[in-house]
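Structure first, then comments.
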Amino acid sequence: MKAFLEKVATNLVYLVGMLVNPLLNGVQELRALHWPTERRKLKLVNSPTAQAARAAERERIRGLVEALGAVEGVEHVLTQVLDQSTRPTFHGSDHPRDTLLVCRIYARAYFVIREDVLDVLPRIAAADVAEWQAHGQGPDPSGSLDHALRWYRDGGIDANGWRMGSPCLSSPGATLTWDRDGIPRRDPVPAGPYINRLFVLEQTPPDADAAQLLSEARADGRGVVLELVFGANWVGYCQYHKVARGGFLGRGRL
């Protein structure tokens with residue numbers, strides 16, 4: 001009799017689990033679909049933790065831009081910093097089921113070189129503006145000063161007659177490229193308007209026409225425009241904060 005009752009109890013637990021699990025999964029899906037008000041989102045992305053992370057990332061960007069602009073032969077033209085807080089996608093490392101918002105900075109800085117690039121690139125490396133990957137050690141063999149200098153000296157063709165990869169200089173948090181023939185030029189970030197206050201664009205100089213500035217930098221044909229893009233692992237943005245789900249109906253934890 002005891003064995004029979006234990007078997008019945010086990011079956012009941014199994015049946016209850018079969019009924020409850022779909023309900024729990026449904027609740028999780030509803031939480032993933034829930035989207036708080038803009039006021040609530042602004043409160044979340046302006047929490048002390050988010051503000052501190054944002055300030056640290058902005059300071060890193062500012063410091064590298066100033067250091068590169070101080071290199072002899074390098075002239076700063078434009079910096080754009082787009083701060084964007086959005087819902088995570090279902091295909092990224094953060095899933096909407098667990099994360100309510102991700103806060104990212106898309107930052108680019110443009111400079112112009114009026115001298116011979118072969119003279120200026122070693123100065124950039126010597127200025128220690130970042131720990132550039134040396135001698136092809138990194139995710140891309142083009143990410144070294146030596147490769148860039150050989151590319152220019154040999155016209156982009158290696159000793160075997162093969163076309164060399166387009167050069168760049170890269171650190172763990174930024175990538176530096178420059179104008180080359182046949183490489184499409186990327187347009188600056190549009191000035192807006194943006195859909196809400198979760199998208200904030202700051203620009204230096206603040207009131208200039210970004211596209212016109214870059215066009216003028218290239219107009220006389222003597223300047224080589226550098227583009228410094230911030231982001232780790234060859235991604236063009238820096239994710240500095242995320243808001244985990246929690247609280248009432250999963251509206252997010254500060």
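Side-chain atoms are counted along with the backbone in the values below, which use heavy atoms only and exclude waters and symmetry mates. Numbering starts at 1 and runs along the sequence shown.
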*What's the verdict on side-chain contact (heavy atoms from CB on, under 4.5 Å) for Thr204 and Val65, showing C-alpha distance, side-chain angles and the deciding distance?*
CA-CA 11 Å; Thr204 305; Val65 169; over 6 Å; no
_If we check side chain to side chain contact (heavy atoms under 4.5 Å, CB included) with Arg108, which of these qualifies: Leu228, Val229, Thr79?_
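Of Leu228, Val229, Thr79, side chain to side chain contact (heavy atoms under 4.5 Å, CB included) with Arg108 is met by Val229 alone.
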*Decide side-chain contact (heavy atoms from CB on, under 4.5 Å) for Leu64 and Phe230; before the verdict, give the C-alpha distance in whole Å, the side-chain angles of both, and the deciding distance to 0.1 Å.*
CA-CA 10 Å; Leu64 186 52; Phe230 291 85; 3.5 Å; yes
So does [Y] get a backbone contact from the side chain of [X], meaning a donor-acceptor N/O pair under 3.5 Å?
{"X": "His147", "Y": "Gly165", "answer": "yes"}
{"X": "Glu57", "Y": "Tyr240", "answer": "no"}
{"X": "Asp154", "Y": "Asp158", "answer": "no"}
{"X": "Arg123", "Y": "Glu72", "answer": "yes"}

Please find the pair of heavy atoms, one from [X] and one from [Y], that lie closest to each other, and give the distance.
{"X": "Ile113", "Y": "Val74", "result": "CG1-CG2, 4.3 Å"}
{"X": "Val77", "Y": "Leu213", "result": "O-CD1, 3.7 Å"}
{"X": "Ala50", "Y": "His241", "result": "CB-CD2, 3.4 Å"}

Under the salt bridge (charged side-chain N to carboxylate O under 4.0 Å, His left out) rule, collect the residues that match up with [X], sequence neighbours excluded.
{"X": "Arg62", "result": "Glu59, Glu66"}
{"X": "Arg58", "result": "Asp83, Glu202"}
{"X": "Glu75", "result": "none"}

*When rounded to the nearest 0.5 angstrom, what distance separates OG in Ser85 from NZ in Lys41?*
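Ser85 OG to Lys41 NZ: 9.5 Å, rounded to 0.5 Å.
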*Roughly how far, to the nearest 0.5 Å, is CG of Asp98 from CZ of Arg245?*
8.5 Å
*Using the side-chain contact (heavy atoms from CB on, under 4.5 Å) rule, take Leu176 and Leu68 through it: C-alpha gap first, then chi angles, then the decisive distance, then the call.*
CA-CA 10 Å; Leu176 179 68; Leu68 185 54; 4.1 Å; yes
*Any chance CG of Asp207 has more than 12 other-residue heavy atoms, nucleotides or ligands included, within less than 6.0 Å?*
no
_Using 30° and 60° as the class boundaries, would you call the ring planes of Phe111 and His76 parallel, tilted or perpendicular?_
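Taking His76 first and then Phe111, their aromatic rings stand perpendicular (interplane angle over 60°).
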*Would you please test Gln80 and Leu201 for side-chain contact (heavy atoms from CB on, under 4.5 Å) and show each step?*
CA-CA 7 Å; Gln80 291 184 320; Leu201 175 65; 4.2 Å; yes
